[in-house]
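Some notes on the structure that comes next.
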Amino acid sequence: MASRNGHIAWGPWSFDYNVTDYEGLALMNGNFRGTNIYYKLSLPVIRVKYVRDGGIFSSGCGPYNDIIRWDPYTIGDFFEEFGYANHHLEKIQGNDYVLVREIHNGTTLEIGVYARIGEYHLYQCYYIHRDGYIFPRLWSKGLSCNLDHVHHPYWRFDLDVDGTHNRVSYSNPTGSGVYTSEGRGTISNIEHHFLVENTSSGNGVFIIPGDTDTARADDFSRVDFYIRKYRSSEDREWWRSPEQEINFGFTENIYENSDIVFWYVAHLHHHANEGADHWHMAGPTLQVNLRQREVPANQIRRISLTGTMDVVDDEWGRDETSHRDFNEFRDLGPDNRNAEFFIVERMGGEIRVEFRIRLEWQNGFINVSHNTKLFEGTTEDTTDLDGEYSGSYVLADNRWHWIDFTVYNTAEDDPDRARIQFRLDNNQRP
């Protein structure tokens with residue numbers, strides 16, 4: 001089950017997520033194969049423009065600033081649907097407002113939220129691929145007026161590739177170069193790519209326009225991208241009116257050691273004759289590009305995790321239990337020295353167990369540290385920590401290690417507990 005915020009370790013990726021009050025579903029502290037990739041990916045605003053603006057004597061609508069917020073559905077939203085402006089999140093996975101699931105035979109992780117804003121249905125999500133791709137996407141349907149209109153999502157990508165010392169370059173059919181100052185521009189065709197890279201390590205992230213995003217800027221949304229240095233004062237709720245384009249009061253030079261923020265703007269055209277139920281979608285591709293070098297095969301280690309977690313919630317002498325099996329692996333080597341496993345179990349409406357294993361490659365040997373926390377309170381999202389267990393050891397080449405322990409609720413006089421049994425194997429990657 002997924003809550004408003006949390007941490008995910010999946011395949012070669014680990015990151016935090018949060019549904020904020022001003023920028024939709026944000027991914028934070030993103031790490032791929034032991035390399036830091038981004039500080040935050042978010043969607044601060046979706047500007048909407050109809051062919052005819054709204055007003056007292058107008059049959060048009062808007063323009064609008066649509067902002068996806070943490071605003072779960074309540075009984076009041078039921079009455080809003082009969083004549084008032086909707087603004088809420090819909091449950092999307094059982095009782096959750098955040099969808100987290102594997103798709104495409106386990107090659108891709110999907111994480112998203114489903115929002116209602118007025119007559120619009122918005123699905124904001126990220127598709128994260130094991131090979132180092134992130135596909136930020138906005139899906140939309142609905143008509144406030146029976147008129148053609150365009151949704152303009154403004155993504156904010158705060159990329160920190162191997163840290164904050166990055167540069168931005170571009171490549172298109174007419175040439176290539178490096179940006180030396182902050183500024184905005186348009187993308188003429190799909191062959192126009194950007195690269196945010198760390199010149200010391202050679203690692204970078206390509207930003208590739210979506211199929212329907214090029215040559216679509218108009219008089220209302222006049223830019224396709226905006227390159228900025230990171231400033232905490234600009235990391236905030238969208239500050240301009242619906243009629244105003246993104247703009248900043250001053251610019252500076254950017255060099256090879258800059259903390260880069262890349263704004264990406266897409267343009268979703270919705271024609272009224274397609275109907276209110278027509279879903280349309282837009283968004284770019286972020287492609288991680290890690291430095292490649294020849295590494296002896298025996299240095300690439302596959303760390304396999306197998307095990308079980310059994311949680312017991314004692315309710316007045318009557319045990320409620322949950323059982324979970326896990327079977328995952330991580331590949332480590334000299335170019336991706338760090339990885340982790342992170343498993344969360346929620347049960348009984350009041351207990352959450354977080355089991356984390358951190359791995360560090362050391363010339364084939366693996367430093368292992370593990371930590372388990374048992375939280376118990378009035379909800380499964382409680383921050384009330386009631387039990388904890390930690391340990392560490394070194395896992396040698398072609399060896400395995402088995403651990404069996406139990407974490408108890410030590411803050412209260414009850415037998416609530418989580419028993420974890422797990423084995424780690426350190427073998428050469430097949």
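If you're wondering where the values come from, they're calculated on a predicted model, not measured in any experiment. Just so you know, residue 1 is the first one in the sequence shown, and it goes up from there.
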Could you check whether the rings of Phe135 and Tyr133 sit parallel, tilted or perpendicular, using 30° and 60° as the cut-offs?
parallel

Just by distance, do the side chain of Arg4 and the backbone of Val19 share a donor-acceptor pair under 3.5 Å?
yes

Considering only NZ, NE, NH1 and NH2 on the basic side and carboxylate oxygens on the acidic side, decide whether Glu110 and Arg101 come within less than 4.0 Å.
yes

Walk me through whether Tyr226 and Phe248 qualify under ring pair (Phe, Tyr, Trp, His ring centres under 6.0 Å).
CA-CA 10 Å; Tyr226 209 134; Phe248 298 94; 5.0 Å; yes

Under a 4.0 Å N-O cut-off, is there an ion pair linking Arg356 with Glu340?
yes

Any donor-acceptor N or O pair under 3.5 Å, side chains His88, Glu90
yes

Using the six-membered ring wherever Trp is involved, compare the ring planes of Phe220 and His152 and label them parallel, tilted or perpendicular (cut-offs 30° and 60°).
tilted

For the pair Glu354 and Arg346, find out whether any cationic side-chain nitrogen is under 4.0 Å from an anionic carboxylate oxygen.
no

Side-chain (Thr186) to main-chain (Ala217) donor-acceptor, under 3.5 angstrom
no

Steps toward salt bridge (Lys or Arg N to Asp or Glu O under 4.0 Å) verdict (Arg231, Glu182)
CA-CA 12 Å; Arg231 298 177 181 85; Glu182 297 177 290; 2.9 Å; yes

So, the side chain of Arg352 versus the backbone of Thr382: is there a donor-acceptor pair under 3.5 Å, distance only?
yes

Please check: side-chain N/O of His370 versus main-chain N/O of Val368, any donor-acceptor pairing under 3.5 Å?
no

Would you find more than 12 non-hydrogen atoms of other residues, nucleotides or ligands less than 6.0 Å from Trp70 atom CH2?
yes

Any donor-acceptor N or O pair under 3.5 Å, side chains Ser241, Glu243
yes

Tyr97 ring center near Tyr114 ring center (under 6.0 Å):
no

Which residue in the set Arg324, Arg419, His323 passes side-chain hydrogen bond (donor to acceptor under 3.5 Å, both in side chains) when paired with Asp310?
His323

Going by atom types alone, do Arg47 and Tyr154 pair a side-chain donor with an acceptor below 3.5 Å?
yes

Write down the atom of Tyr230, the atom of Val261, and the distance for their closest heavy-atom approach.
CA-CG2, 3.7 Å

With rounding to the nearest 0.5 Å, note down the distance linking CZ in Phe157 to CD1 in Ile260.
14.5 Å

Any side-chain heavy atom of Thr35 sitting closer than 4.5 Å to one from Leu290?
yes

Under 3.5 Å, is there a donor-acceptor pair between the side chain of Asn172 and the main chain of Thr174?
yes

Kindly give the heavy-atom pair with the smallest separation between Glu102 and Gly106, and that separation in Å.
OE1-CA, 3.8 Å

Would Phe355 and Phe422 satisfy ring pair (Phe, Tyr, Trp, His ring centres under 6.0 Å), going step by step from the backbone distance to the final call?
CA-CA 11 Å; Phe355 174 43; Phe422 76 94; 5.3 Å; yes

Strictly under 6.0 Å, is that where the ring centroids of Phe225 and Tyr264 end up?
no

What do the steps show when you test Lys229 against Asp259 for salt bridge (Lys or Arg N to Asp or Glu O under 4.0 Å), and what is the final call?
CA-CA 5 Å; Lys229 283 185 177 180; Asp259 190 353; over 6 Å; no

Would you say the side chains of Glu345 and Ser322 form a donor-acceptor pair under 3.5 Å?
yes

Side-chain touch Arg137/Pro284, heavy atoms, less than 4.5 angstrom
yes

Does the side chain of Asn203 come under 3.5 Å of the side chain of Asp162 through a donor N or O and an acceptor N or O?
yes

Take atom OH in Tyr39; do more than 12 heavy atoms of anything else shown fall under 6.0 Å from it?
no

Just how far is it from atom CD1 of Ile111 to atom SG of Cys125, taken to the nearest 0.5 Å?
10.0 Å

Smallest separation among heavy atoms of Arg337 and Leu332, with atom names:
O-CD2, 3.3 Å

Candidates Arg156, Arg236, Lys40, Arg69 - the one meeting side-chain hydrogen bond (donor to acceptor under 3.5 Å, both in side chains) with Glu23:
Lys40

Whether over 12 other heavy atoms sit under 6.0 Å from Asp219 CG
no

Stepwise ring pair (Phe, Tyr, Trp, His ring centres under 6.0 Å) check, His269 with His267
CA-CA 6 Å; His269 289 251; His267 313 282; 7.4 Å; no

CG on Leu143 to NE2 on His271, rounded to 0.5 Å
12.0 Å

If I take atom CG from residue Leu138 and atom CD1 from residue Ile46, how far apart are they, to the nearest 0.5 angstrom?
4.5 Å

Can you check whether Ile68 reaches Val113 side chain to side chain, under 4.5 Å on heavy atoms?
yes

Taking the basic N atoms (NZ, or NE/NH1/NH2) and the acidic carboxylate oxygens, is any pair closer than 4.0 Å for Asp335 and Arg291?
yes

For the backbone of Glu256 and the side chain of Arg167, can you confirm whether one donor and one acceptor N or O come within less than 3.5 Å of each other?
no

Shortest non-hydrogen separation from Phe326 to Ile420 and the atoms involved
CZ-CG2, 4.3 Å

Least distance between heavy atoms, Pro242 atom then Pro63 atom
CB-O, 3.6 Å

I'd like to know whether Asn29 forms a side chain to side chain donor-acceptor pair (under 3.5 Å) with Asp16, so could you lay out the CA-CA distance, the side-chain angles of the two residues, the decisive distance to 0.1 Å, and finally the verdict.
CA-CA 6 Å; Asn29 306 313; Asp16 302 313; 2.8 Å; yes

Checking Trp279 side chain against Met281 main chain: does a donor-acceptor pair fall under 3.5 Å?
no

Gap separating the CG atom of Leu424 from the CD1 atom of Ile366, nearest 0.5 angstrom
10.0 Å

Return yes if some donor-acceptor pair links the side-chain N/O of Glu328 with the main-chain N/O of Leu305 below 3.5 Å, else return no.
no

Output yes when a side-chain donor or acceptor of Tyr64 lies under 3.5 Å from a complementary backbone atom of Gly118, and no otherwise.
no

Please report whether the ring centroid of Phe194 lies less than 6.0 Å from that of Phe206.
no

In terms of ring plane angle, is the pair His270 and His278 parallel, tilted or perpendicular, where the classes change at 30° and 60°?
tilted

If you round to the nearest 0.5 Å, how far is OH of Tyr120 from NE2 of His87?
13.0 Å

If we only count heavy atoms from C-beta on, is the Tyr179 to Ile254 side-chain gap below 4.5 Å?
yes

Short question: side chain of His280, backbone of Ser140 - any donor-acceptor pair under 3.5 Å?
yes

Any idea which heavy atoms bring Ser59 and Cys145 closest together, and the distance?
O-SG, 3.9 Å

No-hydrogen, no-angle side-chain donor-acceptor test under 3.5 Å, Asn371 and Ser390:
yes

For the residue pair Trp13 and Tyr38, does the interplanar ring angle fall in the parallel (under 30°), tilted (30 to 60°) or perpendicular (over 60°) class?
tilted

Residue among Val205, Ile128, Ile37 satisfying side chain to side chain contact (heavy atoms under 4.5 Å, CB included) with Leu286
Val205

